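Taking it in order: structure first as structure tokens, then the write-up.
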Protein chains: 2
Amino acid sequence: MFFVSLIPIRPEGSSGPQPERSDAARNRERLLQAARELVAEHGVDAVTMDMLACRAEVGKGTVFRRFGNRAGLMMTLLSDAEAEFQQRFIFGPPPLGPGAPPVERLMAFGEARIRYIDKYGELARASEHSPHNRHAAPPALLWHRHIEMLLREAGVDRDPWLMASFLIATLDPERVLYALRSQGIEVARIEAGWREFAGRLLGCPPDAK
Amino acid sequence: MFFVSLIPIRPEGSSGPQPERSDAARNRERLLQAARELVAEHGVDAVTMDMLACRAEVGKGTVFRRFGNRAGLMMTLLSDAEAEFQQRFIFGPPPLGPGAPPVERLMAFGEARIRYIDKYGELARASEHSPHNRHAAPPALLWHRHIEMLLREAGVDRDPWLMASFLIATLDPERVLYALRSQGIEVARIEAGWREFAGRLLGCPPDAK
DNA sequence: ATACAAAGCGGACCGCAGTCCGTTTAGCTA
DNA sequence: TAGCTAAACGGACTGCGGTCCGCTTTGTAT
């Protein structure tokens, strides 16, 4: 599928000074293939870096050279889904994309994110376990800018930057997963809750069912 | 100081079947002493369990027998501060304690929590790094019940449980610390932001400065 | 073809959290 | 005081993420 990589998700840009050595390319494919298999077989949390190196028939150093750390690996596995998500809320059809009033876009954003977490939550959580720079990751910055913009459009003029930070905290994969998996809350209820939350925040009268 | 342990914070209750063996008591004191010293000297994140065992002149097994894991150790170090915090929002003077209108109590709760994180954030974060049961920890459950109650009193009748979850996510030590330490946001601004956020959520007209 | 630099590679190695299990000891009982 | 048992102890061990560094491969310049 086609997408514009607004913010580079993969660490290695395709327009670097050196393209990429052939053996490196081969190993990257091997690693991604093996990683997807292992995740499918054992689940995200059970996949270890040694396991991956072994399955891909590659040295452990190579794995870390490629992805930096475990979180980087998971981020790479998510990059397609993440790019599509970005695509949708920036260029896609309303209410998620431009065209709808900001309150509805905000509600749609949360709903989309919650469904995303329901689908990819374990990967998303694992991709954030980078030590001390979770919130500075490119996708997080983009979401933040987006929410902040919506808040401004909706007339939030008091520290919309912080308001956006608070709102995004609400959609943390860790917490949403806890509600979904451990508490057994249904997706629909969390979505409705988010709509209620966002609606209240922007002073919309609770949309009567 | 005096406090009521509403929800047991320390794993070992003082009223168990067997009181506590003398060597165990001695080692517990040694460990807590050593832990406080090490945290003061090197900071929370640099303290390792081996280090602690060594400083306390105790076997590593003893450390884990006592605290379960690293998060348990940090929780124990926090227990006094946490108990005092609980005390204040449940029995203390308004606006944090009972007596003030729910909106003001909610605002005060957030402010108090933010100051708490500014003071003990590193410990709080480390105490939550327990694998997969962060949100089920007794203090977190208590905060949740409290916020939910305040929301109900303030007239939030649509899924106050979920609303409380969302609100608490906002006060996550990890995120607040990121704003405070990495982004250099001043405590006062975050407090003001929280008031704004809580106020909007409960439909209060933004309290004119 | 050959030489050569740099990118890539691999696996031994490290530090840390957490476990296991044989040994020690406190405290009770006779 | 001697004996007994359960609790406590301690440190070797495991598994994992991540690093290091000497070796190999690739692509290029001659």
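What you are looking at is a predicted structure, and each value in this text was computed from that prediction instead of being measured. Below, read A as the first sequence line, B as the second, and so on, with proteins coming before strands; counting in each chain starts at 1.
With hydrogens and angles ignored, no donor-acceptor pair closer than 3.5 Å exists between the side chain of R21(B) and the base of dA8(D). Donor-acceptor pairing under 3.5 Å, judged by distance alone, is absent between the side chain of K60(A) and the base of dA12(C).
At least one side-chain heavy atom of P98(B) sits under 4.5 Å from a side-chain heavy atom of R105(B).
Across the interface with DNA chain D, nearest-nucleotide mapping of M49(A) and G61(A) shows M49(A) to be the residue nearer the 5′ end. Where A46(B) and R26(B) meet DNA chain C, the nucleotide closest to each residue was compared, and A46(B) sits on the side nearer the 5' end.
The CD atom of E191(A) sits 11.5 Å away from atom CG of L162(B), with the distance rounded to the nearest 0.5 Å.
dG8(C) atom P lies 16 Å from atom CZ of R30(A), rounded to whole Å. Rounded to whole Å, the distance from CZ on R66(B) to C1' on dG10(D) is 14 Å. Taking atom CZ of R28(A) as the reference point, atom P of dA7(C) lies 17 Å away to the nearest angstrom. Remark: P of dG27(D) and CD of E20(A) are 11 Å apart, rounded to the nearest angstrom. Rounding to whole angstrom units, NE2 of residue H129(A) and C1' of dG18(D) are separated by 16 Å. At whole-Å resolution of the value, CG in D45(A) and C1' in dG17(D) are 15 Å apart. Rounded to an integer number of Å, the gap from L52(A) CG to dC16(D) P is 13 Å. Atom CG in L31(B) sits about 13 Å away from atom P in dA8(D), given to the nearest Å.
Using cut-offs of 30° and 60° on the angle between ring planes, the pair F166(B) and W194(A) is perpendicular. The aromatic rings of F89(B) and F109(B) lie perpendicular to each other, with more than 60° between the two planes, well past the 30° mark.
Side-chain nitrogen and oxygen atoms of R65(A) include none within less than 4.0 Å of the OP1 or OP2 phosphate oxygen of dA7(C). A sub-4.0 Å separation between OP1 or OP2 of dT25(D) and a side-chain N or O of S22(A) is absent.
The side-chain hydrogen bond (donor to acceptor under 3.5 Å, both in side chains) check on W143(A) picks up E82(A), with sequence neighbours excluded.
The side chain of N27(A) has dG10(C) as its nearest neighbour among dG10(C), dG18(D), dA17(C). The side chain of D23(A) lies closest to dC9(C) when the candidates are dA8(D), dC16(D), dC9(C). Considering only side-chain atoms of T62(B), the nucleotide from dC9(C), dA7(D), dG10(D) that sits closest is dG10(D).
Nucleic acid contact for R70(B): sugar-phosphate only, since backbone atoms but no base atoms lie under 4.0 Å from a heavy atom of the residue.
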